[in-house]
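Structure, as structure tokens:
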Number of protein chains: 2
Amino acid sequence: MDNQQLILYAVPLAGMLALLFAVYKASWVTRQDAGTEEMAVIAEHIADGAVAFLQREYKILILFVISVAILLGFANSGRPDSSPMIAASFIIGATCSGLAGFFGMKVATMANVRTTNAARTGLAPALTVAFSGGLVMGLSVVGLGVLGLSGLFLFYQSQFTEINQVINVISGFSLGASSIALFARVGGGIYTKAADVGADLAGKVYEGIPEDDPRNPATIADNVGDNVGDVAGMGADLFESYVGSIIGTMVLGAAFVPVFTEMGISPIAGVILPLVLAAVGILVSIAGSFFVRVKEGGNPQSGLNMGEFGASFIMAALSYVIITGMLPSSWTADGTVYSSLNIFYSVITGLVAGVLIGLITEYYCSTENKPVENIAYQSVTGAATNIIAGLGTGMMSTGLPIIVLSAAIILAHYFSGLYGIAIAAFGMLSVTGIQLAVDAYGPISDNAGGIAEMAALPEEVRERTDKLDAVGNTTAAIGKGFAIGSAALTALALFAAFRQQAGIETIDISEPVIMAGLLLGAMLPFVFSALAMGAVGRAARDMITEVGRQFNEIPGLREGTAPAQFAHCVDISTKAALREMILPGLLGVLVPVVVGFTSKDMLGGLLAGVTSSGVLLAIFQSNAGGAWDNAKKRIESGIEFDGVLYGKGTEAHKAAVVGDTVGDPFKDTSGPSLNILMKLIAVVALVIAPLL
Amino acid sequence: MDNQQLILYAVPLAGMLALLFAVYKASWVTRQDAGTEEMAVIAEHIADGAVAFLQREYKILILFVISVAILLGFANSGRPDSSPMIAASFIIGATCSGLAGFFGMKVATMANVRTTNAARTGLAPALTVAFSGGLVMGLSVVGLGVLGLSGLFLFYQSQFTEINQVINVISGFSLGASSIALFARVGGGIYTKAADVGADLAGKVYEGIPEDDPRNPATIADNVGDNVGDVAGMGADLFESYVGSIIGTMVLGAAFVPVFTEMGISPIAGVILPLVLAAVGILVSIAGSFFVRVKEGGNPQSGLNMGEFGASFIMAALSYVIITGMLPSSWTADGTVYSSLNIFYSVITGLVAGVLIGLITEYYCSTENKPVENIAYQSVTGAATNIIAGLGTGMMSTGLPIIVLSAAIILAHYFSGLYGIAIAAFGMLSVTGIQLAVDAYGPISDNAGGIAEMAALPEEVRERTDKLDAVGNTTAAIGKGFAIGSAALTALALFAAFRQQAGIETIDISEPVIMAGLLLGAMLPFVFSALAMGAVGRAARDMITEVGRQFNEIPGLREGTAPAQFAHCVDISTKAALREMILPGLLGVLVPVVVGFTSKDMLGGLLAGVTSSGVLLAIFQSNAGGAWDNAKKRIESGIEFDGVLYGKGTEAHKAAVVGDTVGDPFKDTSGPSLNILMKLIAVVALVIAPLL
């Protein structure tokens with residue numbers, strides 16, 4: 001047994017450490033005071049609704065997981081290059097994804113109200129609670145990911161002699177993670193936006209119904225939605241990105257095995273490199289979390305920056321040590337010369353590209369800059385010009401990120417081939433533990449503010465939570481850049497892996513069958529987005545009708561003397577989300593299978609189409625949504641046009657609210673799901689490749 | 001000299017016949033009565049504005065044409081496979097495109113007011129005038145296209161011995177047509193929507209300004225816009241589609257020359273086949289035009305159907321005779337077995353696909369069907385849900401057309417290889433003469449209605465023109481299906497031709513450089529759309545400010561006692577359109593050149609990306625725009641929701657107007673330009689291919 005095999009045994013320990021630390025943080029959060037009885041009651045309603053939704057969602061997904069597992073088991077039995085055990089990988093991947101989402105969300109619902117309560121005393125304690133809640137999510141995701149993958153790898157290593165077989169079988173883990181993530185993102189996204197849009201618009205249809213008011217029966221559903229969509233959905237999403245990028249690198253690292261064996265070094269060095277980096281990333285994330293603190297009156301931004309950028313910087317330095325330590329200084333495989341230094345450069349390429357995409361995202365979406373200001377000004381002439389400006393901004397904002405991404409693809413490949421592209425994607429995600437903590441901290445602070453409003457706490461509490469929420473913007477934008485960049489690179493790496501596994505020599509795009517596949521693939525993200533947006537529209541309509549019914553039928557509700565029937569609204573969102581997530585979810589799983597068994601060349605074209613169109617629509621939708629949101633906020637702080645001042649309550653503001661509402665399903669339902677869709681389709685292709 | 005060479009000499013005669021018939025029809029239209037003096041004055045303002053715009057536009061384009069011609073001449077001098085004469089082809093192509101647009105629009109502006117006047121006496125004479133106006137446009141396009149291409153072909157045949165050289169040099173014609181078309185479509189589209197949106201919204205910003213009223217100073221500009229955008233823009237657009245699909249087929253037909261020479265039949269049979277089909281298509285179109293008539297009180301739809309479908313049917317039958325007559329019953333080239341019968345099947349495949357795409361388009365956009373009804377219902381809850389529903393409908397509507405298109409690509413290729421794809425595209429456009437007449441008839445009737453309103457003619461006149469306008473819908477939808485389908489197939493054929501000419505073996509999409517090209521290509525239509533929409537937004541804003549200024553500064557304008565300064569508004573639209581068309585137009589020409597000289601592999605990826613993303617965004621935008629437009633009309637005829645009736649003037653209607661306004665630049669500016677963009681980029685690639 002060589003040194004590297006010994007290191008590999010240490011990897012699951014890092015996963016366990018992450019989970020232990022998450023449990024420790026979770027119990028700390030639970031021990032904090034939940035505030036007044038009213039706050040506790042509200043929080044309980046929200047937590048109950050959220051848990052109930054996840055339980056019902058998981059019940060449906062269990063059927064899906066079992067069916068797919070059976071199919072996978074049968075399809076892979078009796079094959080020398082695979083094994084029915086792939087079904088076990090699939091089930092474990094799906095379960096880990098579900099657990100990460102559930103555990104993270106459970107703690108987030110507790111952190112929400114405790115952040116509100118802490119904000120009654122000051123900013124610093126509120127930050128600590130909110131961030132701790134986010135950290136539980138972050139560490140659950142990386143802990144389960146690393147533990148699951150390294151545990152399975154060690155186990156399969158003992159079962160199979162061929163590394164390719166080990167990797168084929170373990171890819172089921174990624175399939176499980178991706179498919180659950182797609183359902184969770186879509187279901188959660190529909191839930192949260194149906195409640196949000198429905199609650200906002202009920203006042204438009206029926207006279208005298210207050211919007212954004214505790215009397216509105218949809219408010220609890222709205223808050224539940226924030227937890228199941230923004231927190232649990234995001235957790236499942238990042239879990240699949242993290243796992244997908246590790247597996248993508250492992251598959252391509254298998255190509256080095258014969259060379260390394262010949263050179264007398266550990267054959268699996270290229271395969272286990274991402275696992276080792278992930279394990280070290282966990283340690284760095286935990287260390288970074290200690291830097292996130294703020295003095296009373298200080299700027300919470302610097303604490304978050306310190307934690308996240310500090311961790312990224314340290315991780316980049318450690319990557320150098322690890323990569324040059326684990327890999328030989330240079331070797332040749334398949335006619336290409338590789339070097340450990342160049343692989344490190346690939347990682348840095350990925351990191352730089354992710355940061356740039358994040359900064360560009362922030363430019364297009366931030367309240368301070370031209371694009372958002374332009375949308376605000378275009379609101380003066382009404383909703384139509386606001387919408388045209390927002391759509392235009394979203395489309396324009398695809399330009400620079402795609403140029404950066406294309407350059408990153410070419411550079412990472414220049415440095416170290418396809419393996420370079422895969423590891424560049426993982427490079428962006430190596431400190432997911434702390435990144436996700438910062439991302440999840442945003443919705444926790446936001447929900448804390450919602451609870452403060454519902455419990456009618458003093459203005460200053462809401463101000464503090466708003467301040468916490470606002471400072472996460474830059475870090476969240478960079479997180480988004482990493483999400484988009486890594487998704488595209490991972491999809492590409494999986495695409496290359498698929499081509500290898502399917503034994504396709506070239507995927508010549510000027511061949512008509514492949515061009516047809518390209519067109520079909522490019523169409524999928526459009527139809528997928530349409531399904532997601534249509535679902536939000538339909539569910540919001542049901543919500544509006546229900547809110548209207550309650551105001552008409554419950555005496556005293558309008559006056560605030562009788563309570564609303566929150567549970568009915570929660571039920572509408574739950575049912576709609578569960579019903580409507582099925583079709584788009586199945587689309588992602590079934591289309592590549594149907595196309596693949598028709599023609600594997602066409603499947604190659606399909607993958608290219610889904611990736612290109614998916615990345616573009618994802619950037620377009622999430623940036624348009626973000627820009628509309630902030631244009632509304634920009635007007636709320638007052639803009640001047642032709643000598644007239646427009647602010648909250650003016651026609652310009654109403655027009656901006658229309659844009660914000662249109663942007664909701666864009667940025668929170670369809671947009672983020674596309675990142676998962678393109679990887680899921682690639683993973684499905686990879687898993688079925690040996691069968692084609 | 002063989003028989004086919006003799007036939008070729010007859011082709012330009014058909015082109016001349018089309019032009020003579022167009023002149024005859026134009027002089028007939030001119031001789032009709034233009035109605036009251038008020039009507040004549042209004043019509044003169046509109047015609048003057050339209051001609052002035054085209055003149056200024058052409059002045060700018062002359063500079064562009066001369067510069068590109070010089071570059072083309074230098075780049076192709078001293079090359080055995082090409083010749084500086086390509087610059088002459090380019091100039092002639094650009095000139096023919098400009099002439100077709102100018103002549104067609106000139107007659108359309110005369111036909112508008114004469115249709116109005118004819119509608120004062122009845123439906124039948126109004127139909128005859130409107131259709132005759134459209135026919136002039138249709139025949140100008142096909143006449144100039146066939147005359148130009150066949151004339152150049154005969155001339156170059158006498159200059160060069162190698163068929164490949166002839167074809168390289170003649171491809172400049174297509175480049176000229178495509179680049180002028182892009183500028184004309186974008187410029188015209190910006191002009192018309194800036195005026196339209198600006199006129200509509202001025203009332204929202206400044207109190208007491210009537211929308212849609214002759215006192216509104218932007219009304220003349222709005223009407224000018226309909227002529228320069230919907231008529232001249234459409235003419236240039238169809239000219240480039242027609243020419244592009246003929247040239248695409250000619251290039252691929254050159255591959256048969258050695259085989260045919262060996263077989264002892266006319267070597268250029270495959271090259272000149274599309275020219276011969278086009279010539280016969282002209283005769284069929286002229287014949288078909290005699291069937292377009294309606295009895296008073298009858299349905300104009302049946303007359304149009306008779307003309308267009310009759311012509312298509314006869315053309316299909318004649319295609320069989322021509323193809324089996326000109327080509328041998330079977331032959332083998334590059335290892336593929338071809339047969340004349342299978343080439344005929346490819347044509348039919350294209351025709352059927354075009355009709356299907358048209359019918360699907362109509363399903364998604366027609367007032368009668370679910371999708372539009374759903375948007376109408378979603379308007380009850382406000383502009384936001386209307387927009388979400390419209391965007392969703394547009395995205396969903398990409399599904400079936402792409403499936404049809406993919407099937408058509410595979411089938412046409414199955415029957416007769418890449419040549420089959422090219423000729424399938426041309427099959428859809430063979431009766432462009434009458435198709436375009438029916439398409440252009442729509443805006444002429446629409447403008448006739450506008451003039452009736454401005455001249456305060458009796459209600460029944462407007463009713464008649466509305467009836468004329470409405471019945472063109474199905475035929476227009478099918479025309480759109482042909483436009484989209486043929487654009488995609490032509491782009492594909494040009495793509496294949498580029499690969500041949502550039503000497504690229506395969507364009508392997510899993511290669512990182514090509515993948516980067518694919519992403520960049522897929523991004524272009526997004527950025528291009530953003531530029532077009534942004535231009536409309538900015539110009540509309542200038543228009544709004546100007547309308548407000550006039551109402552404030554001109555005493556008596558509000559009361560209708562003083563005339564508005566129409567010319568100022570015409571000037572704003574003109575300047576904005578000319579200024580804003582430059583950047584998107586240059587993007588289409590320069591990007592493929594820059595990318596191509598960086599890496600020709602990347603250019604291959606770029607072409608695939610532009611085609612896939614361009615087709616999808618074009619379908620999405622034009623269908624969303626069409627559906628929003630009709631959802632507004634659907635509400636105007638009254639819808640019931642939750643027991644309440646919503647009609648014109650209700651909040652639901654206002655919400656639907658927002659959707660309609662957002663849809664305007666979608667369906668009339670950016671959407672239709674994308675069809676041109678993707679072909680232009682492919683033609684540029686083809687022209688520079690030998691230089692790479």
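No hydrogens, no waters, no symmetry mates; every other heavy atom, side chains included, goes into these values.
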*Mark yes or no for whether A/Asp508, through its side chain, and B/Thr506, through its backbone, hold a donor-acceptor pair below 3.5 Å.*
no
_Nearest-0.5 Å distance, CG of residue B/Leu607 to CE of residue A/Met515_ = 8.5 Å
*Considering only heavy atoms and a distance below 4.5 Å, find which of B/Gly537, B/Pro665, B/Ala407, B/Gly399 pairs most often with chain A.*
B/Gly399
*Against chain B, label A/Ala496 side chain, backbone, both or neither, depending on which of its atoms sit under 4.5 Å from a heavy atom there.*
neither
*Closest heavy-atom contact between A/Met533 and B/Ile388?*
O-CG2, 4.0 Å
*Can you say whether B/Leu405 sits under 4.5 Å from chain A via the side chain, the backbone, both, or neither, judging by heavy atoms?*
side chain
*Non-hydrogen atoms of chain A under 4.5 Å away: do they reach the side chain of B/Glu651, the backbone, both or neither?*
neither
*Looking at A/Val662 and B/Leu391, what are the two nearest heavy atoms and their distance?*
CG1-CD1, 4.0 Å
*Heavy atoms only: give me the nearest A/Ala530-B/Gly392 pair and the separation to one decimal.*
CB-O, 3.3 Å
*Straight-line distance of B/Leu617 CG to A/Leu617 CG, nearest 0.5 Å*: 7.0 Å
*Got a second to check how far A/Gln378's CD is from B/Leu201's CG, nearest 0.5 Å?*
9.5 Å
*What part of B/Gln500 gets closer than 4.5 Å to chain A, counting heavy atoms only: side chain, backbone, both or neither?*
neither
*Going from CD1 on A/Ile544 to OG1 on B/Thr381, what distance comes out if it is rounded to the nearest 0.5 angstrom?*
4.5 Å
*With a 4.5 Å cut-off on heavy-atom pairs, point out which of B/Val513, B/Val615, B/Leu492, B/Asp660 contacts chain A the most.*
B/Leu492
*Could you tell me which portion of B/Leu519 (side chain, backbone, both or neither) has an atom closer than 4.5 angstrom to a non-hydrogen atom of chain A?*
both
*Report the option among B/Leu616, B/Val644, B/Thr661, B/Ile402 that has the most heavy-atom pairs separated by less than 4.5 Å from atoms of chain A.*
B/Leu616
*Based on non-hydrogen pairs under 4.5 Å, which of A/Ala408, A/Ala522, A/Ser510 is most in contact with chain B?*
A/Ser510
*Under a 4.5 Å heavy-atom cut-off, does chain A meet the side chain of B/Met523, its backbone, both or neither?*
both
*What part of B/Leu418 lies closer than 4.5 angstrom to a heavy atom of chain A: side chain, backbone, both or neither?*
side chain
_So for B/Ala389, is it side chain, backbone, both, or neither that comes closer than 4.5 Å to the heavy atoms of chain A?_
neither
*So which heavy atom on A/Phe526 is nearest to which on B/Met395, and how close?*
O-CB, 3.3 Å
*Under a 4.5 Å heavy-atom cutoff, which of A/Ile409, A/Leu524, A/Asp664 has the most pairs with chain B?*
A/Ile409
*Given a strict heavy-atom distance threshold of 4.5 Å, which part of B/Leu531 is in contact with chain A: side chain, backbone, both, or neither?*
both
*What option among B/Gly521, B/Pro512, B/Ser612, B/Ala384 has the most heavy-atom pairs under 4.5 Å with chain A?*
B/Pro512
*chain A contact via B/Phe528 - which portion, at a heavy-atom distance below 4.5 Å*: neither
*At a heavy-atom separation under 4.5 Å, does A/Ile421 approach chain B through its side chain, its backbone, both, or neither?*
side chain
*What option among B/Ile619, B/Thr611, B/Ile410, B/Leu520 has the most heavy-atom pairs under 4.5 Å with chain A?*
B/Leu520
*Where B/Met396 and A/Val527 come nearest, the two heavy atoms and their spacing*: SD-CG1, 3.9 Å
*Over all heavy atoms of both residues, which pair between B/Ser406 and A/Ala516 is shortest? Give the atoms and the distance, please.*
OG-O, 3.4 Å
*Taking the side chain from A/Arg541 and the backbone from B/Thr385, do they hold a donor-acceptor pair closer than 3.5 Å?*
no
